[in-house]
Amino acid sequence: MADSSFDIVSEYDRQEVDNAVNQTAKEINQRYDFKNVGARVELSGETITMAANSQERCLAVYDVLQTKLIRRGVSLKSVDVGEGEPVQSGKEYRLVARLKEGIEQAQAKKITKIIRDEGPKGVKAQIQGDAIRVSSKSRDNLQAVIALLKDADIDCALQFQNYR
């Protein structure tokens with residue numbers, strides 16, 4: 001019998017992120033507590049920039065963005081804000097969030113170690129660029145690995161693709 005396999009990747013849906021940013025901008029324009037504070041949010045490339053005239057308002061914009069991302073099914077692990085503190089730039093405070101895609105080498109090694117140590121016997125994990133291929137003779141073992149990784153504390157959003 002041939003080996004069954006699946007790929008572990010870390011991606012986000014660009015369209016859903018764009019929709020979440022647009023919904024956040026719309027809500028900021030309509031809410032009374034954001035009137036006359038210069039609050040805005042914009043997506044350019046792989047960065048989301050949030051700005052307002054005070055640190056608290058800037059964090060409130062980020063909170064609204066987080067809510068919209070969760071509603072759209074985008075994992076917050078795909079958004080990296082660094083320290084999470086808005087930086088003053090002239091008269092406004094800015095918070096820049098970077099969108100992360102792909103599994104970094106250190107994370108990939110950590111995931112393969114978890115699979116090797118805690119996963120069922122006979123499961124093989126190979127790092128292939130920014131993805132991980134997991135294979136086994138038993139599909140039940142692959143399902144067990146997926147359940148194991150969903151419960152594990154990993155710093156990136158994981159998706160399981162190409163299950164065959």
Side-chain angles (χ1 to χ4, degrees), residues 1-24 41-51 55-56 58-87 89 93-164:
M1 187 171 145
D3 280 3
S4 299
S5 67
F6 67 89
D7 295 332
I8 303 171
V9 296
S10 179
E11 299 175 341
Y12 60 89
D13 187 352
R14 172 76 182 180
Q15 186 61 49
E16 292 298 336
V17 171
D18 191 35
N19 290 342
V21 170
N22 289 338
Q23 285 179 346
T24 302
V41 61
E42 53 196 35
L43 173 68
S44 61
E46 300 297 311
T47 60
I48 302 171
T49 306
M50 295 152 279
Q55 198 168 6
E56 294 79 22
C58 197
L59 290 173
V61 171
Y62 179 54
D63 188 44
V64 172
L65 177 67
Q66 286 179 322
T67 305
K68 300 299 181 186
L69 286 171
I70 290 170
R71 280 200 188 135
R72 301 297 262 144
V74 178
S75 174
L76 295 181
K77 291 181 179 179
S78 297
V79 180
D80 179 27
V81 291
E83 293 87 48
E85 288 294 316
V87 178
S89 173
Y93 286 84
R94 285 190 186 152
L95 183 62
V96 177
R98 192 177 59 85
L99 296 168
K100 297 188 297 187
E101 195 168 50
I103 301 173
E104 296 172 4
Q105 200 67 28
Q107 290 288 357
K109 288 180 181 178
K110 180 180 175 183
I111 292 169
T112 55
K113 183 173 177 12
I114 290 171
I115 293 171
R116 213 176 323 110
D117 295 346
E118 302 173 27
K121 296 278 186 238
V123 176
K124 295 183 287 265
Q126 299 172 321
I127 300 172
Q128 297 179 335
D130 59 355
I132 301 171
R133 167 75 45 94
V134 180
S135 59
S136 173
K137 292 201 181 298
S138 168
R139 286 183 173 231
D140 292 338
N141 287 351
L142 293 180
Q143 300 258 336
V145 168
I146 291 173
L148 174 72
L149 292 176
K150 283 184 177 179
D151 292 339
D153 182 32
I154 299 171
D155 294 338
C156 60
L158 298 179
Q159 289 85 33
F160 308 100
Q161 297 179 341
N162 300 331
Y163 187 82
R164 48 178 165 247

Smallest heavy-atom separation, K68 atom then A20 atom, equals CB-O, 3.8 Å
Sorted by first residue and then second, give each ring-ring contact (aromatic ring centres under 6.0 Å, His included) pair with at least one member in residues 132-159; sequence neighbours left out. none
Excluding sequence neighbours, so at least two apart, what forms side chain to side chain donor-acceptor pair (under 3.5 Å) with E46? Y12
Check this for me: K77, atom NZ, are more than 12 non-hydrogen atoms of other residues, nucleotides or ligands nearer than 6.0 Å? yes
Please determine, by modelled atom types, if Q15 and N19 share a side-chain donor-acceptor pair under 3.5 angstrom. yes
Which is it for Y93 and L95 under the side-chain contact (heavy atoms from CB on, under 4.5 Å) test, yes or no, and what are the steps along the way? CA-CA 7 Å; Y93 286 84; L95 183 62; over 6 Å; no
Given side chains that start at C-beta, do those of P120 and V145 come closer than 4.5 Å, heavy atoms only? yes
Can you tell me how far apart CG (D7) and CD (Q128) are? Round to the nearest 0.5 Å. 6.5 Å
I'd like to know whether CD of Q161 has more than 12 heavy-atom contacts from other residues, nucleotides or ligands below 6.0 angstrom. yes
For the student: nearest non-hydrogen atoms of V61 and T24, plus distance: O-CG2, 4.1 Å
Between S10 and A157 (side chain of the first, backbone of the second, donor and acceptor by atom type, cut-off under 3.5 Å), is there such a pair? yes
Sorted by chain and number, sequence neighbours left out, salt bridge (Lys or Arg N to Asp or Glu O under 4.0 Å) with D80 holds for R98
Could you grab the distance from atom CD1 of I8 to atom CZ of F160, nearest 0.5 Å is fine? 5.5 Å
Within 6.0 angstrom of R14 CZ, more than 12 heavy atoms from elsewhere: yes
